[in-house]
Amino acid sequence: MATESIQDIKRRIKSVSSTERITNSMKLVSAGKLRKARAIFEKTNENSHYITNTIGELFNSSKEVPTEYLAGNREIKTTAYIVVTSGKGLCGGFNTNVIKEAQADIDADWEPPVIVAIGSKGKEYFEKHGYEIHSSYLAPPENISFLETKELAKPILQMYDNKEIDEVVLIYNSFISTMEQEVKNEIILPFEVETDPEMITDAKFVEYEPSVEEVFNYLVPKYVETKIHSAVVESATCEHAARRMAMENATDNAREMLDELNLSYNQARQSAITDEIIEIVAGSEAQAG
């Protein structure tokens, strides 16, 4: 009985040790990918802020700005949801949190949603639950180029211009720190631009050629493309951070389990030795008697 118990514990130690090596390796890989993705995200974020600020300056410098892209210009009926998830698992609640947020919004809508899935996890979920996927991007998110983002955004902008959709919502994981990420639910069309008195004063000396309207209409697609691209890159950063944390927790749990198994193994081995000694002593006493 003791021998069987020892063999069983040895098998479990071997299995958990193998798991610990795998999770630790995955943690190190994710840490390396996180550093690279974070550098790309910070650079992309600068471009996004630049375009957003330029639109703000344009809006505050003139009363000729077209209102079709501004909040309040039309009744919101049909919404397009751009849902950014990953193509892989083993990253804690990374995908679940985004999908829950998107599902809650969709459930509150009266009209059928237009779903754009970036990442296979979101696509698989919504297809499984009977939703039609308008378009998707399934390659690793950190590899997405601005040109690919442009192609992804083009039909969405066309649908908005043709009044087939009235709102574009971007749902993705936002990076706070390597230890913390949170789901961001952002309306990117139509958008609100706040009036800034200081910006209005500075903009009195700015002239736009050929016209404010044409410059604004040029910037809006760039704004949407940059927002989507920035969200995908930020989501990739969050994915690697979440997976690194999940693998670190799994490694720590495996090591704790190994400590417990080694203790159990030593106790079982000691018990087996004690049983053998008792049998030998009992045998000797029987022969002496």
Side-chain angles (χ1 to χ4, degrees), residues 19 22-23 26 29-30 33-34 37 76-145 148-160 162 164-175 180-189 224-225 227-247 249-250:
T19 301
I22 291 168
T23 55
M26 291 178 71
V29 169
S30 294
K33 288 184 176 181
L34 172 60
I76 305 300
K77 293 181 180 178
T78 304
T79 301
Y81 294 94
I82 304 173
V83 185
V84 186
T85 58
S86 72
K88 299 177 182 178
L90 299 176
C91 46
F94 176 85
N95 293 310
T96 305
N97 294 337
V98 170
I99 290 170
K100 278 184 179 178
E101 181 75 18
Q103 185 67 70
D105 270 16
I106 289 168
D107 289 342
D109 278 352
W110 291 97
E111 298 291 331
V114 174
I115 298 175
V116 177
I118 300 177
S120 61
K121 292 297 181 181
K123 183 175 185 290
E124 289 167 4
Y125 171 86
F126 287 109
E127 282 182 336
K128 184 179 177 181
H129 287 77
Y131 293 97
E132 183 180 344
I133 305 297
H134 177 269
S135 58
S136 60
Y137 177 86
L138 305 179
E142 63 265 33
N143 296 339
I144 192 169
S145 66
E148 288 171 315
T149 307
K150 186 175 181 179
E151 291 302 311
L152 193 70
K154 189 185 293 182
I156 298 170
L157 286 161
Q158 288 175 346
M159 290 174 74
Y160 184 86
N162 295 334
E164 295 172 35
I165 58 174
D166 307 297
E167 184 181 54
V168 181
V169 176
L170 187 57
I171 302 175
Y172 62 101
N173 274 295
S174 175
F175 185 82
E180 185 182 3
Q181 303 86 42
E182 69 176 12
V183 177
K184 198 165 187 178
N185 187 322
E186 187 175 4
I187 299 171
I188 58 174
L189 275 181
V224 174
E225 292 159 11
K227 275 287 186 183
I228 296 172
H229 186 255
S230 179
V232 175
V233 172
E234 185 171 4
S235 179
T237 306
C238 293
E239 179 189 348
H240 296 314
R243 184 170 290 111
R244 190 198 69 80
M245 182 59 63
M247 291 302 101
N249 291 337

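Just so you know, these numbers use all the heavy atoms, side chains as well, and skip hydrogens, waters and symmetry mates.
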Do any N or O atoms from the side chain of [X] and from the backbone of [Y] form a donor-acceptor pair under 3.5 angstrom?
{"X": "Asn97", "Y": "Glu182", "value": "no"}
{"X": "Ser136", "Y": "Leu138", "value": "no"}
{"X": "Glu167", "Y": "Thr79", "value": "no"}
{"X": "Asn173", "Y": "Phe94", "value": "yes"}
{"X": "Ser235", "Y": "Ala231", "value": "no"}
{"X": "Asn95", "Y": "Thr85", "value": "no"}
{"X": "His229", "Y": "Glu225", "value": "no"}
{"X": "Thr237", "Y": "Ala37", "value": "yes"}

Task: Side-chain donor-acceptor contact under 3.5 Å, Thr78 with Glu164 - done: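 Not at all, the side chains of Thr78 and Glu164 share no donor-acceptor pair under 3.5 Å.
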Open item on the list: Between Glu101 and Tyr81, is there a side-chain donor-acceptor contact under 3.5 Å, judged purely by atom types and distance?
Closed with: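 There is no such pair (donor and acceptor under 3.5 Å, judged by atom type) between the side chains of Tyr81 and Glu101.
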Task: From Ile115 atom CD1 to Phe126 atom CZ, the distance as rounded to the nearest 0.5 Å - done: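 Here the rounded value is 5.0 Å.
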Task: CZ-OG distance between Arg243 and Ser30, expressed to the nearest 0.5 angstrom - done: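 The OG atom of Ser30 is 5.5 Å from CZ of Arg243, to the nearest 0.5 Å.
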Open item on the list: Can you tell me if Ile187 has over 12 outside heavy atoms packed within less than 6.0 Å of its CD1?
Closed with: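 Atom CD1 in Ile187 is not packed in, count stays at 12 or less.
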- [ ] Give a yes or no on whether a salt bridge exists between Glu127 and Lys123, defined as a side-chain N under 4.0 angstrom from a carboxylate O.
- [x]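 Yes, Glu127 and Lys123 are salt-bridged.
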Task: Lys227 bridged to Glu186 by N-O distance under 4.0 Å - done: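 Judged by the 4.0 Å cut-off on N to carboxylate O distance, Lys227 and Glu186 do form a salt bridge.
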- [ ] Quick one: closest heavy-atom pair of Cys238 and Ser174, and the distance?
- [x]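 Where Cys238 meets Ser174 most closely, the heavy atoms are SG-C, 3.4 Å.
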